Amino acid sequence: MWFVTAFAAMATTEPVVALIDCNSFYASCERVFRPDLQRTPVVVLSNNDGCVIARSADAKPFVKMGEPYFKIKGLLRKHGIVAFSSNYALYGDLSQRVMTVIEGLVPRVEVYSIDEAFADLTGLPTDLEFLGRRIRSQVLQCTGIPVGVGISTTKTLAKLANHAAKTWQRQTGGVVDLRDPVRREKLLRVMPVEQVWGIGRRLTASLQEMHITTALDLARADARTLRKRFSVVVEKTARELRGIPCLELEEVAPPRQAICCSRAFGMRQTELAPIREAVAAYTTRAAEKLRAQRSLCRQLRVSIRTGMFNPDEAKFAKGIVVTLPYPSDDTRLLIRAALEGLEQVFRDGYAYAKAEILLLDLRQRGEFTDDLFAATQPAAAEQLMGIMDRINGRWGRGTIHPGRVSSQPAWGMKQELLSPGYTTRLEQLWRVGCR
DNA sequence: TCTGGGGTCCTAGGACCC
DNA sequence: TCTGGGGTCCTAGGACCC
């Protein structure tokens, strides 16, 4: 008899995956150190205070995602909605804390984005809904960030379960276990296909032509047809909706294949000089990211563009790829290449809004063996970069920087509503009590 | 006046090789 | 008379995600 039960237990060890997702993450971060805003709707703006990129739940009925700030200033005032510039130092730090708490509660975690993590719960002997609630309460207690938990047998279904947990927060308590097939079908039936992870605007339109309008329709569609008509990605999505895992948990993120630093200027720039400064600064940042993942790059693309929305502005955009003499992570060499490229693409007579640096053809150290006699990066450069990174790591980004990069730039971002670096800057620590 | 900043993966098509 | 077919690599562009 024990054999039979043991066998039955083994046979039911199906894969289980959870998606833990922070609610309105950026807005929640802003509230952590502003308890007075707990009941006040909050929105967070993009760089340069351009448009809305995050909204607290109580701001959602009033403000659309992506809405330009200048258009909705009056509306925000009318409804008493508080706006913040984005404070990535704060969000990044709180994100790390959230992930640390989750990693302490479950064995295998994939940090999927700044505010989401997948967890493998396969074979855990506990009540999973209980575990979900535990994760929620623990993260909230340790960080002040509310999260939702979706549980199912595939990543795509866990995403959907999480979505349901958010949509019906009151009824579900923020945790939905979607392993039961009956429950799963019930949810898939009411879930519009555009809510499915991996199905964007274009695919939704094409799927609707084929009368696939709900998640259930997609799950039941013929996989081969989907592959032929669209791609393997859509095919996998459909299989995952059926409960067949096609996407693995990726605990260690592979090194990036491209690194980008792209930012709009605080105000339009017509002269070459300030744009040179901005390009040097962006390149410095990109090179830091490059070294952080211990890669070298062989190519760099620099591009600039004017504003793209205002019909009265003359439009211009151009980029160029520059190849380095050898694979490198030396900020100085990269800046030199980027400025060379900039000279070639810059045209007088335009009001530039944005520059972008893209590091391409990345490889890990020791990966390239193409030419025995090809030059390689001097050891002195590696040492210097290492020292720079250590100083900036210890004393804060930008403590030491190339002379070309200005610390009070004319092109800098507009951040008029920036909250303090509560957790990342000593002089901006949260003050409690004592007036 | 004013509209984000990162990334990934896939496919199609051309060049080229044998 | 007759002019293949399979494979690889690269690039551009599209679609998606957060």
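Here is the naming used below: chain letters follow the sequence lines, and residue numbers restart at 1 for every chain. These values consider heavy atoms only, across backbone and side chains, with no hydrogens, waters or symmetry-generated copies. A quick note: this is a predicted structure, and the numbers were derived from the prediction, not measured.
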- Query: Pairing of DNA chain B as dot-bracket, 5' to 3': ( ) intra-strand, [ ] crossing, | other strand, . unpaired, with Watson-Crick or G-U pairs under 3.5 Å?
  - Reply: ....||||||||||||||
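- With rounding to whole Å, Phe265(A) atom CZ is found 10 Å from dG5(B) atom P.
- Going from atom CZ of Arg305(A) over to atom P of dG4(B) covers 11 Å, rounded to whole Å.
- Contacts of Glu250(A) with the nucleic acid, taken as non-hydrogen atoms under 4.0 Å apart, are absent.
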Atom pairs and distances, side-chain donor-acceptor, residues 156-164 of chain A, under 3.5 Å, sequence neighbours left out:
unit_1: Thr156(A); atom_1: OG1; unit_2: Glu240(A); atom_2: OE1; d: 2.7
unit_1: Lys159(A); atom_1: NZ; unit_2: Glu116(A); atom_2: OE1; d: 2.7
unit_1: Asn162(A); atom_1: ND2; unit_2: Leu19(A); atom_2: O; d: 2.9
unit_1: Asn162(A); atom_1: ND2; unit_2: Gly148(A); atom_2: O; d: 3.1
unit_1: His163(A); atom_1: NE2; unit_2: Gln195(A); atom_2: OE1; d: 3.3

- Take Arg179(A) and Leu128(A) through the side chain to side chain contact (heavy atoms under 4.5 Å, CB included) test and state the conclusion after the steps. CA-CA 10 Å; Arg179(A) 282 176 301 160; Leu128(A) 294 183; 3.4 Å; yes
Sequence neighbours left out, cut at 3.5 Å: what donor-acceptor pairs do the side chains of residues 331-342 of chain A make with other protein atoms?
unit_1: Thr331(A); atom_1: OG1; unit_2: Arg291(A); atom_2: NH1; d: 2.9
unit_1: Arg332(A); atom_1: NE; unit_2: Asp330(A); atom_2: OD1; d: 3.1
unit_1: Arg332(A); atom_1: NE; unit_2: Asp330(A); atom_2: OD2; d: 3.4
unit_1: Arg332(A); atom_1: NH2; unit_2: Asp330(A); atom_2: OD2; d: 2.8

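- Within a 6.0 Å radius of CZ in Arg397(A), no more than 12 heavy atoms belonging to other residues, nucleotides or ligands are found.
- A heavy atom lying under 4.0 Å from DNA chain B marks the following residues of residues 210-233 of chain A, by number: Ser231(A), Val232(A), Val233(A).
- When distances are taken from the side chain of Asn47(A) to each of dG6(B), dG5(B), dT8(B), the shortest belongs to dG5(B).
- The separation between Ile53(A) atom CD1 and dG7(B) atom P is 15 Å, rounded to whole Å.
- For the segment residues 59-74 of chain A, the set of residues with a heavy atom within less than 4.0 Å of an atom of DNA chain B comprises Pro68(A), Phe70(A), in numerical order.
- Under the ring pair (Phe, Tyr, Trp, His ring centres under 6.0 Å) criterion, Tyr282(A) pairs with Trp411(A), sequence neighbours left out.
- dG5(B) atom C1' lies 13 Å from atom CD of Gln415(A), rounded to whole Å.
- Each of Pro254(A) and Asn310(A) lies near DNA chain B, and the nucleotide nearest Asn310(A) is the one positioned closer to the 5' end.
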- Indicate for each nucleotide in nucleotides 9-18 of chain C, in 5' to 3' sequence, whether protein heavy atoms under 4.0 Å reach the base (B), only the sugar-phosphate (S), or nothing (-). ------SSSS
- Test log, rule side chain to side chain contact (heavy atoms under 4.5 Å, CB included), inputs Leu226(A) and Thr237(A): CA-CA 10 Å; Leu226(A) 290 176; Thr237(A) 298; over 6 Å; no
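- Sorted by first and then second residue, the side chain to side chain donor-acceptor pair (under 3.5 Å) pairs involving residues 40-52 of chain A (not counting sequence neighbours) are Asp49(A)-Ser85(A).
- Residue Glu356(A) is classed as having no contact, given no heavy-atom separation below 4.0 Å to the nucleic acid.
- In this structure, Leu358(A) atom CG and dG6(B) atom C1' are separated by 11 Å, rounded to whole Å.
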Between side-chain atoms of residues 346-353 of chain A and protein atoms elsewhere (two or more places apart, or another chain), which donor-acceptor pairs fall under 3.5 Å?
unit_1: Arg347(A); atom_1: NH1; unit_2: Gln344(A); atom_2: O; d: 3.4
unit_1: Arg347(A); atom_1: NH1; unit_2: Val345(A); atom_2: O; d: 3.4
unit_1: Tyr352(A); atom_1: OH; unit_2: Arg347(A); atom_2: N; d: 3.1
unit_1: Tyr352(A); atom_1: OH; unit_2: Arg347(A); atom_2: O; d: 2.7

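- Using a 4.0 Å heavy-atom cutoff across all strands shown, Lys289(A) reaches sugar-phosphate atoms only and no base atom.
- Nucleic acid contact class of Asp49(A) (heavy atoms, under 4.0 Å, all strands): none.
- Regarding contacts with the backbone of dC2(B), a side-chain N or O of Arg268(A) is found under 4.0 angstrom from either OP1 or OP2.
- Regarding Ile357(A), its CD1 atom lies at a distance of 14 Å from the C1' atom of dG6(B), rounded to whole Å.
- Atom CD of Glu313(A) and atom P of dT1(B) are 10 Å apart (whole Å).
- Remark: side-chain polar atoms of Arg136(A) are not paired, donor with acceptor, to backbone N or O of Val175(A) under 3.5 angstrom.
- When the nucleotides dG4(B), dT8(B), dG5(B) are ranked by their closest atom to the side chain of Cys51(A), dG4(B) comes out on top.
- The closest donor-acceptor contact from the side chain of Arg31(A) to the backbone of Ser56(A) lies at 3.5 Å or more, if one exists at all.
- Between the CD1 atom of Ile259(A) and the P atom of dG5(B) there is a distance of 18 Å, rounded to whole Å.
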Side-chain polar contacts of residues 249-261 of chain A - donor-acceptor pairs under 3.5 angstrom, sequence neighbours left out - could you list them?
unit_1: Glu251(A); atom_1: OE1; unit_2: Arg108(A); atom_2: NE; d: 2.9
unit_1: Glu251(A); atom_1: OE1; unit_2: Arg108(A); atom_2: NH2; d: 3.4

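- Heavy-atom neighbours of Gln141(A) CD from other residues, nucleotides or ligands within 6.0 Å: at or below the threshold of 12.
- Under the salt bridge (charged side-chain N to carboxylate O under 4.0 Å, His left out) criterion, the residue pairs touching residues 185-204 of chain A are Glu185(A)-Arg189(A), Glu185(A)-Arg220(A), with sequence neighbours excluded.
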Sequence neighbours excluded and cut-off under 3.5 Å, please list the side-chain donor-acceptor pairs for residues 89-97 of chain A, or say none.
unit_1: Tyr91(A); atom_1: OH; unit_2: Glu30(A); atom_2: OE2; d: 2.6
unit_1: Tyr91(A); atom_1: OH; unit_2: Asn87(A); atom_2: N; d: 3.3
unit_1: Asp93(A); atom_1: OD2; unit_2: Arg97(A); atom_2: NE; d: 3.0
unit_1: Asp93(A); atom_1: OD2; unit_2: Arg97(A); atom_2: NH2; d: 3.0
unit_1: Asp93(A); atom_1: OD2; unit_2: Thr423(A); atom_2: OG1; d: 2.7
unit_1: Ser95(A); atom_1: OG; unit_2: Ile114(A); atom_2: O; d: 2.6

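- Counting heavy-atom neighbours within 6.0 Å of Glu248(A) CD, excluding the residue itself, gives a total of 12 or less.
- Nucleotides dG4(C) and dC16(B), compared at atom C1', are 15 Å apart to the nearest Å.
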